[in-house]
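Values reported hereafter were calculated over all heavy atoms of this structure, with side chains retained and with hydrogens, waters and symmetry mates removed. Numbering of ligands and ligand atoms starts at 1, following listing order.
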Amino acid sequence: MKNIISPSLKDYNTFHIDCRCKELLTVENDQDIDEVFQRKVFHQPYLMIGEGSNILFTKDFEGTIIRLATKGIEIVNEDDESVYVRAAGGENWSDFVRFTIEHELYGAENLIGIPGLVGSCPVQNIGAYGSEVKDIIYQVEGHYLPEGEPFVFYNDECEFAYRDSIFKNKLKDRCWITHVVFKLGKEKHFQLSYKQLAENLVSFGSELTLEKVADTVLKIRNSKLPDITKVGCAGSFFKNPVVSETKFAELSAKFDDLVHYPAPNGIKLAAGQLIEKCGWKEVRKGDVSVYPTQALVIVNWGNAKGFEVVEYYQEIIQSVQEKYGIRIEPEVRIV
Ligand code: EPU
């Protein structure tokens, strides 16, 4: 297992915040996983990261960081309608989506381009363009912390909700997801509820393919979202807020153009729109600003410190609270 003492974390988080941890362990295979448990790493302060694409470091981390880099994607089962694919937690998410496209398996294509790893996808139930990963997860496998007893959770045990799951709540910091088994469709079927995606694809009719959908998703993403490999950020910084019907009626009497969608427990609003309407597209502080075409994303344009991003995002929360009476919450993990 690779280990580095007191490394800079600048290249291990996509926000490119320069801070340090005591030790960085890189886990590449099952033997490394066993070694981490043998060394009792989880009995001291620790943090698990993937590509560091959903994290904001606000200070040095006084403990061990375990970076997950295990690889492997294989078809493990098949029935009349579905193919079951098991992927290692350290696989890059979009590489997994490309595997499904190459094997003509349906269900993951709208999620191409989301940063991060396979092992992180169930934690916040990643979603985009009308799809959520919960719709294709069959089971989640891993080890309980700190001792390493194995677990398997079937989909209905994962308590999936919008950007949420049991792994963020009851099991927060209590488990390590090492593999995810996905159930993908064999039959041609597309999810085109996202208006802009449907509009771009309507002309293909029955000629529509997985490649076309994935290409179009990537084009839409690139037109709004920064390239995380070039611009320091962590994707959507905030979650979209859900308000009650009553609150929504109050707000729409005052603001007539609110983007909104039905949600299981109320009405979901677009945090990006609320942030933009509070004027944040015009505000840069040092190297921190929102992204010009998507105010839901906060960007480090160079050498921003973690605390500067914290000050900036807290001011955003306050201004949305003052204008709309809604408290938006970070989606990104703040450490
Ligand atoms: N909007 C604005 N101004 C902005 C941003 C958005 O007015 O600065 C409006 C848009 O015009 C649109 C609405 O808000 O009418 C929604 O915008 P968009 O479709 O871009 O989606 P979103 O709700 O802002 C969510 C996800 C994204 C995902 C997109 C597309 C969350 C927190 N974010 O953003 O996920 O790519 O939908 O499905 O749910 C991520 O998680 O890192 C991420 C990028």
Side-chain angles (χ1 to χ4, degrees), residues 13-15 50-56 93-94 97 108-117 120-135 160-165 168 191-201 213-214 216-229 231-243 251 255-264 267-284 289-299 313 316-317 319-320 323-324 326 328-333:
N13 71 99
T14 60
F15 246 122
E51 292 174 345
S53 58
N54 201 45
I55 204 161
L56 172 65
W93 170 257
S94 290
V97 177
E109 60 282 359
N110 290 24
L111 303 176
I112 194 160
I114 295 183
L117 298 181
S120 335
C121 81
V123 179
Q124 58 156 345
N125 179 24
I126 57 171
Y129 307 107
S131 294
E132 280 188 328
V133 79
K134 73 172 171 52
D135 299 327
F160 286 127
Y162 168 65
R163 292 296 198 276
D164 204 18
S165 76
K168 256 176 109 169
Q191 163 56 266
L192 299 177
S193 62
Y194 190 85
K195 205 163 143 235
Q196 196 183 354
L197 187 61
E199 281 167 4
N200 274 281
L201 295 171
V213 174
T216 308
V217 164
L218 287 175
K219 268 192 209 122
I220 298 174
R221 286 190 75 88
N222 293 340
S223 70
K224 295 185 190 178
L225 296 167
D227 178 348
I228 210 154
T229 63
V231 179
C233 74
S236 296
F237 193 91
F238 297 100
K239 289 192 273 192
N240 285 326
V242 175
V243 298
L251 285 171
F255 308 97
D256 54 9
D257 54 354
L258 285 179
V259 177
H260 60 283
Y261 318 91
I267 309 279
K268 193 194 280 180
L269 302 176
Q273 185 195 32
L274 307 181
I275 296 166
E276 180 177 343
K277 296 273 182 200
C278 288
W280 285 95
K281 280 195 177 168
E282 270 57 69
V283 185
R284 175 164 169 163
S289 81
V290 297
Y291 195 62
T293 49
Q294 170 52 292
L296 198 52
V297 176
I298 298 181
V299 175
Y313 94 71
I316 291 182
I317 292 180
S319 71
V320 171
K323 186 167 169 130
Y324 295 99
I326 299 170
I328 53 170
E329 286 173 26
E331 185 207 80
V332 166
R333 185 163 180 199

**OP:** Could you name the option among Gln124, Gln294, Arg221 that has the heavy atom nearest to atom 36 (O) of ligand 1?
**Re:** Arg221

Subject >> Nearest option to atom 31 (C) of ligand 1, as decided by whichever heavy atom of Arg163, Lys239, Glu276 sits closest >> reply: Arg163

Subject >> atom 10 (C) of ligand 1 protein-contacted (non-hydrogen atom, under 4.0 angstrom) >> reply: no

Subject >> Sub-4.0 Å protein heavy atom next to atom 29 (C) of ligand 1 >> reply: no

**OP:** Could you pull out all residues at least two apart from Tyr324 that satisfy ring-ring contact (aromatic ring centres under 6.0 Å, His included)?
**Re:** Phe255

Original post:
Please state which protein non-hydrogen atom is closest to atom 39 (O) of ligand 1 and give its distance, to 0.1 Å?
Top reply: Tyr162 OH, 2.7 Å

Original post:
What protein heavy atom sits nearest atom 1 (N) of ligand 1, and how far away is it?
Top reply: Gln273 N, 3.8 Å

Original post:
Which atom names give the shortest non-hydrogen contact between Ala295 and Gly272, and what distance separates them?
Top reply: CB-O, 3.6 Å

Subject >> Under 3.5 Å: N/O of Asn240 near N/O of ligand 1 >> reply: yes

**OP:** Using distance alone, decide if ligand 1 has a nitrogen or oxygen within less than 3.5 Å of any nitrogen or oxygen in Ala295.
**Re:** yes

**OP:** Among residues two or more places apart or on two chains, list those pairs meeting salt bridge (Lys or Arg N to Asp or Glu O under 4.0 Å) that have a residue in residues 267-282.
**Re:** Asp257-Lys277, Glu276-Lys281

Original post:
CD1/Ile298 to CD1/Ile316 distance, rounded to the nearest 0.5 angstrom?
Top reply: 4.0 Å

Subject >> Plane angle bin for Tyr129 and Tyr194 - parallel if under 30°, tilted between 30 and 60°, otherwise perpendicular >> reply: perpendicular

